[in-house]
Amino acid sequence: MQVADAPNGLTSMMEPGCDSEAAVAFVPRELDKVTVPMYRIEPPDILTIDVQQNVSQEQHALQPGDLVTISVSGTFPGEPIDGDYQVDLGGVIQLGFSYGAVEVAGLGVDQATRQIEAHLKTQLQQPGVSMSLIGVAGIQPIAGEHLVGPDGTVTLGQYGSVRLAGLTLDEARHAIAAQMASEFSDPKVSVSVYAYNSKAVYVVTQGGGMGDELVRLPYTGSETVIDALSQINGTSYVSSSRMWVARPNREQGTSVMLPIDWEGITQMADVTTNYQLLPGDRIFIAHNKLVAIDSAIAKFTSPLERILGFTLLGTGTASRLSGKVLDKTSGGVGFGQ
């Protein structure tokens, strides 16, 4: 017996080259399912990413469009400075007619506070200034669905790209948080898989000599043989009850062949061969041999039928145009005969 390591750490035992007689030590089935290893992201999965984008008031440099709250004590009577102010396109904050404008673009909140206070001291005796950031312009929301590109990266818009291929969801969450840390204060990231596009199982239906049909089904972790075949509406007219699961292996010549008892699964609810599928499994449905023979005969006789059909058509046409038909069409000669 040759021992071959099946995918995901499962172990199968089989004779080299054997098919329906394969002796399997353990294979997960309908009532004995296993939990697959932690999912790892691969192209072209689609991820749902949400980031809590909290801007650090200490690190953020004010820019046009930002909104701040300013409160100043010791102002002129009837001309308070208290409320929300927006940084104008020129990078300045307009404090009012009597106080003028202060340039704050590129400054942090603390620096801008000192700048405003220094400006007001030229007009007021002892101004007390407090300022806080309440709105930031130019923040690009990145919440939503993101496709993992062919290079294994996810694009976060103006915040760059981060490579996620081969990472678990927790590892991806930390990687995105590290990427966003330079822009935001302690970003909180959540990541989930919106579409499992990188893992799949395949159903191959032999076509009786008329071409095989291949269907790719996304893998979500709990499918069995009957689940997969239900998605293609069962077997077709050309199919037989001979079918099996071909399970790939890294080592050449050690793939596992798991025979399927289709009548047992469907008619007697026998779970023995209703295997739990793993990524990359191929369910192969063999054709009916009588249908295959009929198709082979049809391929051989079809050209002959066409040749004979053209021959009979030509012969019939020539017969109709010969004899008295030709006499009747040759200027009326023989019309009265």
Side-chain angles (χ1 to χ4, degrees), residues 47-149 151 153-164 170-192 194:
L47 306 178
T48 299
I49 301 175
D50 192 11
V51 180
Q52 184 179 348
Q53 297 166 275
N54 297 320
V55 176
S56 173
Q57 298 206 31
E58 294 77 14
Q59 298 178 359
H60 178 71
L62 294 174
Q63 57 185 335
D66 287 351
L67 192 65
V68 296
T69 295
I70 303 175
S71 179
V72 180
S73 61
T75 57
F76 297 135
E79 296 186 62
I81 301 176
D82 188 10
D84 297 341
Y85 295 81
Q86 190 173 38
V87 181
D88 292 342
L89 293 178
V92 299
I93 293 179
Q94 300 289 343
L95 298 178
F97 178 76
S98 299
Y99 307 108
V102 181
E103 185 175 353
V104 296
L107 301 179
V109 173
D110 291 340
Q111 293 174 320
T113 302
R114 292 192 293 268
Q115 182 88 343
I116 294 173
E117 187 174 0
H119 174 77
L120 292 176
K121 281 183 177 180
T122 61
Q123 306 174 50
L124 304 175
Q125 291 185 353
Q126 291 183 336
V129 181
S130 67
M131 184 172 70
S132 61
L133 181 67
I134 61 174
V136 178
I139 289 184
Q140 178 182 359
I142 61 174
E145 287 72 44
H146 297 260
L147 175 69
V148 181
D151 58 351
T153 63
V154 167
T155 301
L156 303 177
Q158 67 187 42
Y159 309 112
S161 300
V162 57
R163 183 174 180 82
L164 301 181
D170 281 342
E171 292 170 344
R173 182 170 56 85
H174 290 299
I176 295 173
Q179 177 78 6
M180 305 293 290
S182 61
E183 299 285 344
F184 301 99
S185 175
D186 191 23
K188 300 295 189 294
V189 181
S190 65
V191 181
S192 61
Y194 178 79

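This chain uses plain numbering: 1 for the first residue, then up along the sequence. Small disclaimer: the values here were computed from a predicted structure and weren't measured.
One distance of note links CG of L62 with CG of L133; it measures 6.5 Å at 0.5 Å rounding. With rounding to the nearest 0.5 angstrom, the OG atom of S185 is 12.5 Å from the CE atom of M180. In this structure, CD in E145 is found 8.5 Å from OG in S192, a value given to the nearest 0.5 Å. Atom CG of L67 sits about 4.0 Å away from atom CD1 of I134, to the nearest 0.5 Å.
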What verdict does the side chain to side chain contact (heavy atoms under 4.5 Å, CB included) test give for L156 and Q179, after you've listed the backbone C-alpha separation in whole Å, the side-chain angles of each residue and the deciding distance to 0.1 Å?
CA-CA 9 Å; L156 303 177; Q179 177 78 6; 4.0 Å; yes
Applying side chain to side chain contact (heavy atoms under 4.5 Å, CB included), run through V72 and D82 and close with a yes or a no.
CA-CA 6 Å; V72 180; D82 188 10; over 6 Å; no
Check the pair V191, T48 against side chain to side chain contact (heavy atoms under 4.5 Å, CB included), reporting the backbone distance first and the verdict last.
CA-CA 6 Å; V191 181; T48 299; over 6 Å; no
Run I70 and T113 through side chain to side chain contact (heavy atoms under 4.5 Å, CB included) and show every step you take.
CA-CA 9 Å; I70 303 175; T113 302; over 6 Å; no
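Shown here is E103, whose CD atom has no more than 12 heavy atoms of other residues, nucleotides or ligands within 6.0 Å.
Taking the side chain as every heavy atom from C-beta outward, M131 and I116 approach each other to under 4.5 Å. Using a 4.5 Å heavy-atom threshold, the side chains of H60 and D66 count as touching. Two residues are said to be in side-chain contact when any heavy atoms from C-beta on lie closer than 4.5 Å; V104 and V68 fail this criterion. Under the 4.5 Å side-chain criterion, counting only non-hydrogen atoms from C-beta, Q52 is not in contact with P187. Looking only at side-chain heavy atoms (C-beta outward), Y159 and I142 come within less than 4.5 Å of each other. Contact annotation: the side chain of L95 approaches that of L120 to within less than 4.5 Å [non-hydrogen atoms, C-beta and beyond]. L47 places a side-chain heavy atom less than 4.5 Å from the side chain of V154. The side-chain heavy atoms of Q94 and V102, taken from C-beta on, include no pair separated by under 4.5 Å.
A donor-acceptor pair under 3.5 Å links the side-chain atoms of Q140 to the main chain of Q158, judged by distance alone. A donor-acceptor pair is defined here as one N or O able to donate and one able to accept, closer than 3.5 Å; no such pair exists between the side chain of E79 and the backbone of F76. The closest donor-acceptor contact from the side chain of Q126 to the backbone of G74 lies at 3.5 Å or more, if one exists at all. The closest donor-acceptor contact from the side chain of D151 to the backbone of T153 lies under 3.5 Å. For the pair Q123 (side chain) and Y99 (backbone), a donor-acceptor distance under 3.5 Å is present.
Shortest non-hydrogen contact noted between T75 and P80 is OG1-CA, 3.6 Å. Shown here for G144 and H146, the closest heavy-atom pair between the two residues is O-CD2, 3.2 Å. Across every non-hydrogen atom of V109 and S132, the tightest pair is CG1-CA, 4.4 Å.
Residues D50 and S190 have side chains that never bring a donor and an acceptor to within less than 3.5 angstrom of each other.
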